[in-house]
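First up is the structure itself, then whatever we jot down about it.
Convention: sequence-line order gives letters A, B, ...; per-chain numbering from 1.
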Number of protein chains: 2
Amino acid sequence: MSSLTIYAAKLLLKRLTEDEDDPYVSNPDDQLEEPNPVTEEIFSSWALFILLFLLCSALWSSYFLQQRRIKAIHETVLSIFYGMVVGLIIRVSPGHYIQDAVKFNSGYFFNILLPPIILNSGYELHQANFFNNLGSILTFAIPGTFMSALVLGIILYIWTALGLDGINLEFVDALAVGATLSATDPVTILSIFNAYKVDPKLYTIIFGESLLNDAISIVMFETCQKFHGHPVGLSSFFEGIGLFLMSFTISTIIGILVGIFVALILKHSHIRRYPQIETCLVLLFAYESYFFSNGAHMSGIVSLLFCGITLKHYAFYNMSRRTQIATKYIFQLLAQLSENFIFIYLGLSLFTEVELVFKPLLIIVTFISICIARWSAVFPLSKFLNFLYRARFEKFTNRTALNGGISSQAVPDEISHSYQMMIFWAGLRGAVGVALAMGIQGEAKWTLLATVLVVVVLTVILFGGTTASMLEILGIKVGVIDDTNDSDDDFDIEAPRLPYSSSPPSSNVFIGNRRFGTPQRTTTPPVKGMYKDDATRSRNESSASLASGIPRNSRSSFNNSTSDLHDGNVNDDDDDLVSSDVDDLLPGVSNAALTTYPQATSGGVLGAFLSAEEHSKWFTKFDEQVLKPVLLDTLPNGRRREDANPGNSNEQV
Amino acid sequence: MSSLTIYAAKLLLKRLTEDEDDPYVSNPDDQLEEPNPVTEEIFSSWALFILLFLLCSALWSSYFLQQRRIKAIHETVLSIFYGMVVGLIIRVSPGHYIQDAVKFNSGYFFNILLPPIILNSGYELHQANFFNNLGSILTFAIPGTFMSALVLGIILYIWTALGLDGINLEFVDALAVGATLSATDPVTILSIFNAYKVDPKLYTIIFGESLLNDAISIVMFETCQKFHGHPVGLSSFFEGIGLFLMSFTISTIIGILVGIFVALILKHSHIRRYPQIETCLVLLFAYESYFFSNGAHMSGIVSLLFCGITLKHYAFYNMSRRTQIATKYIFQLLAQLSENFIFIYLGLSLFTEVELVFKPLLIIVTFISICIARWSAVFPLSKFLNFLYRARFEKFTNRTALNGGISSQAVPDEISHSYQMMIFWAGLRGAVGVALAMGIQGEAKWTLLATVLVVVVLTVILFGGTTASMLEILGIKVGVIDDTNDSDDDFDIEAPRLPYSSSPPSSNVFIGNRRFGTPQRTTTPPVKGMYKDDATRSRNESSASLASGIPRNSRSSFNNSTSDLHDGNVNDDDDDLVSSDVDDLLPGVSNAALTTYPQATSGGVLGAFLSAEEHSKWFTKFDEQVLKPVLLDTLPNGRRREDANPGNSNEQV
């Protein structure tokens, strides 16, 4: 029946669009009810060939641009351009089967293209940075997105009420459009940041914000859709907020639970003897958390993100070495392919979505509104955050402005004006907005979709293309972390990391201790577009760093965990606050502050106002002493439990 | 317009099937033309959740069965069973959105599920075994499939002409059904073979045959479809054969060219500095060969297979180490997921394809016909092959039956009766047949599809479930190769392999020579269901082997290439015929023959009849002296060209 359905649909479409002869009924002997499946197969093969060819072109361009160090054009812009060119070609070609095949389908986007990116982001997240800056991230993500959507919605409502474009929007619908246009996309910005080695704090804030505001946009949009056509009052507003918070919290819990479940399974079964099955299961469980969350009306993105984080934090150490490597590579590959594909899809859609209605005035107004909305979200919130930080700093150092001298002293965590400007500039919109906009209901659907699509592409081109220049103009520190890309000839598999901070240095003990010789300092070259491990930090090359000149080996004295040596991914171990401060805050924050910033443990300055460090310190203790022994298969001395009982291990099938 | 189309199609479908209320128009305020996309998203999320859950169950069962060494049930049978259970549940549930979402779509199968399996097969193929047995493989694949399809078609035509089932089939259509039912599926058999460590020769023949006969079935089917409704004469028959041969040859050339193209790109660019992009590109190029071939009316399977083989033979050595590992893991993962998914899909389809028409009598007749067809394909051809082998053997040894004594002497390459029986038994049908059958045209489509589906499932259950017993009954040698699965704690990344047979032993030189210490003899545990490298062969555990007792290290004196030590994948290097004979022919072929089988180079016994060894010897020479220096980036001494010119290398971005 499916073929009948498809054919009936095509017939209907054909009549409605009055196209030429159907290319897919090649055999007139066939009854009209049965399309020629062979021809269908061939067209789908060509459609996929074209799509993959575009992907290859985009990847090859990425290589080319990096190789020639061309910074004027960014590869995401090129991807969109390729998509547009091919979309145009397909559009003007006769027949429309291929055109239908390559249409932007929001189902494909949400179910296939988006999860790998989120999963990889969570898996490769620099957890210390993320959780240390969690306050800023949540502030920009949650209230920031709300404000942005609200401002956008209001402007759009007013504009359409003027009636210049012949569109009529209810306020709720305008708010829905505002929600779609509030989801930022970090890919372009972060790949530029990677290339320039921008300060990790700034990186983390933008990265974390964009991840979470995707989720929040989706929830906002769906909430607005619920209210579509219904009267809206103030209670609905609070209802919406309540729904949102519940959704966010439950999604987080789902993600964490799945991650913990995987860790326990890996620990209590022998599945690591079958690394292939193990790898598949890890991947599948993570995706299950996403689909389960979505199906339960929760936020799949948040679940998947926290699932990835939890997997990396616990389950990773229970995996066989082969699975550790395989999951890393596979998640990166899938994310890489998805990212490129999304931008190509955006470009394609501009021309293959034949029903779009373009209204240039509305597009311009929307674009300006986006800038206004972003401005109104970033700067007031930054001021608010800085106020909080300053207050906390004053509390800690028991000084106030009255004592003098503090206003000249830089406050750590403070978001400088140039950072704020950069955060504003990093507000590129992305494919999440377009995918959401495909779900807009109402008569203005195609106009709004066209608007969103064009505005998204414009922001990528304009903001993305000028990011590099903005970095220079704003004087943001670059070259902070040197990812010493190892020569490709290197056997660049990282040495195994040790989960406990109290594990002995890995020169003596290995997880999987059949490694001979001294451990390599190996790195994983950063993934384009996704901020990966901090890789190796060659202090020799970082600018204005406190620890410059500290040779590599002596850093082990800073930190019990030598994992830092290996791939820079500092464990959530803040026992040694100085080094972690150095790691996280170092370049980009005035170092003068560090010498005077007291450790939170010293002195009795806590009061009622717990700092982020306090929270993380408490959690780290709890983690090390309670959670990890329960969830991990590794004893604190670095050995696996199986190794400790050699009688049970090494039983092969 | 797409949503309009979808909704119109659903409306049509709904009216035709008279289902209950649409679950996906939840908001009566919506105009009928617009389905609620949010609800659609939720249903698709649940559908995917269910599918992934089934996959997890299948994988977990696979682990469980292996762990407990349960051999009575096979995991593919379990996968089908799970699919059937869930399909039944979905079928009896109200609403049909999920049902539609999980339907077997031949487009998904051919475009998404099948390529990873073929690519992984080609990539991990034991090339020496494959090409040494190529004669047998091609014989079983091409003429064998033809004969099988012909016999099946004839029987079906006669049966339906009797009119007992009320079906009317043209001969061409019956032949098309015969073609669909001639594609064998090796997954079940080969995973059993893997578990039992069956003789590689038998393994290779079955494996190679099943790969190629998938391709041949597809081409046959499409050729028959072309003639659907047209008068068929003898000229059409030859036309078909001609088309087929052309298709096969061109597809092979396409695949090889793409593989060579990738090798050259990797050699002449610096893309290995970006292993992520490199990995993506390798994967994409391989898939491009598949889709291009399909789009050009050629055989995508053949192209992809030879592309994979060529990639492994040349491009692999130009890749960065990271990409070598990543491609290996990723191809394996995708193949593993696809295989399991296919069997689940088969089980699901039994119940979710609501239009199927089951006719038990036809099903039984078809099942019997399959056995007859297989019998008539395998045994006569085996006799023919044995005749050829014997003739060649006699020519070589300058003996005939007249000289006496030869009939008692086992002929190498000869396919013993027990092997023939096993090859017959291994004729399980698979999903390729079902996917092809979805393209059957005509009024009997749903009956035939149902028949094919049930017969496929029956063969998997009956033949697959009894394979283990048959191995014992037939007395086929087992335990031939001991894949010493390394302990999971091992850092089990294989040491880099060297492409040239004349490369110095890798204890001295490394590709990427920052490896310290002595090389590990590491292995890759075999992939379930796909025959991988020969892994380590611990001669201690092989039964009745000539080389039993030869300690591991001394094998290096056998063969210049020490790659054999590392993962058992012998290069196409037949310079040292004795050792390669030992490797390839050893267990399972009477070893007595080896001591008397003369090396083809010695003496002057070539005559006009070149043996396979002669062909491979010539090719290997040509390969080593012409092709590899052109295509590979590695000099014969094992070093990369870049290393030889250190000035150019290590330039990092």
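The CG atom of A/Leu281 sits 9.0 Å away from atom OG of B/Ser62, with the distance rounded to the nearest 0.5 Å. Note: A/Arg273 CZ to B/Gln66 CD = 11.5 Å, rounded to the nearest 0.5 Å. Note: B/Ile277 CD1 to A/Trp60 CH2 = 9.5 Å, rounded to the nearest 0.5 Å. Rounded to the nearest 0.5 Å, atoms OH (B/Tyr290) and OG (A/Ser45) are 7.0 Å apart. Note: A/Ile112 CD1 to B/Ile112 CD1 = 6.5 Å, rounded to the nearest 0.5 Å.
Across all their heavy atoms, B/Tyr329 and A/Arg322 have their closest contact at OH-CG, 3.2 Å. Taking all atoms of both residues into account, the shortest heavy-atom contact from A/His297 to B/Ile42 is CE1-CD1, 3.0 Å.
The side-chain contact (heavy atoms from CB on, under 4.5 Å) test applied to B/Leu337 returns A/Cys280, A/Leu283, A/Leu284, B/Leu55, B/Leu59, B/Leu333, not counting sequence neighbours. In this view, A/Ser61 and A/Tyr82 satisfy the side chain to side chain donor-acceptor pair (under 3.5 Å) rule, not counting sequence neighbours.
Between the side chain of B/Gln336 and the backbone N or O of A/Gln276, no donor-acceptor pair lies under 3.5 Å.
The aromatic rings of A/Phe292 and B/Phe49 sit tilted, their planes meeting at an angle between 30° and 60°. Note on ring orientation: taking the six-membered ring where Trp is involved, the planes of B/Tyr63 and A/Tyr274 are perpendicular (angle over 60°, cut-offs 30° and 60°).
No other option in A/Asn111, A/Thr279, A/Ile271 has as many heavy-atom pairs under 4.5 Å with chain B as A/Ile271. Considering only heavy-atom pairs separated by less than 4.5 Å from chain B, the leading option among A/Asn340, A/Ile265, A/Ile330 is A/Ile330.
The part of A/Phe110 that comes within reach of chain B is its side chain, from C-beta onward, which places non-hydrogen atoms under 4.5 angstrom from that chain. Looking at A/Phe53, both its backbone and its side chain come within 4.5 Å of chain B, counting heavy atoms on both sides.
When side chains are defined from C-beta on, B/Tyr287 does not count as touching A/Leu48, because their heavy atoms never get closer than 4.5 Å.
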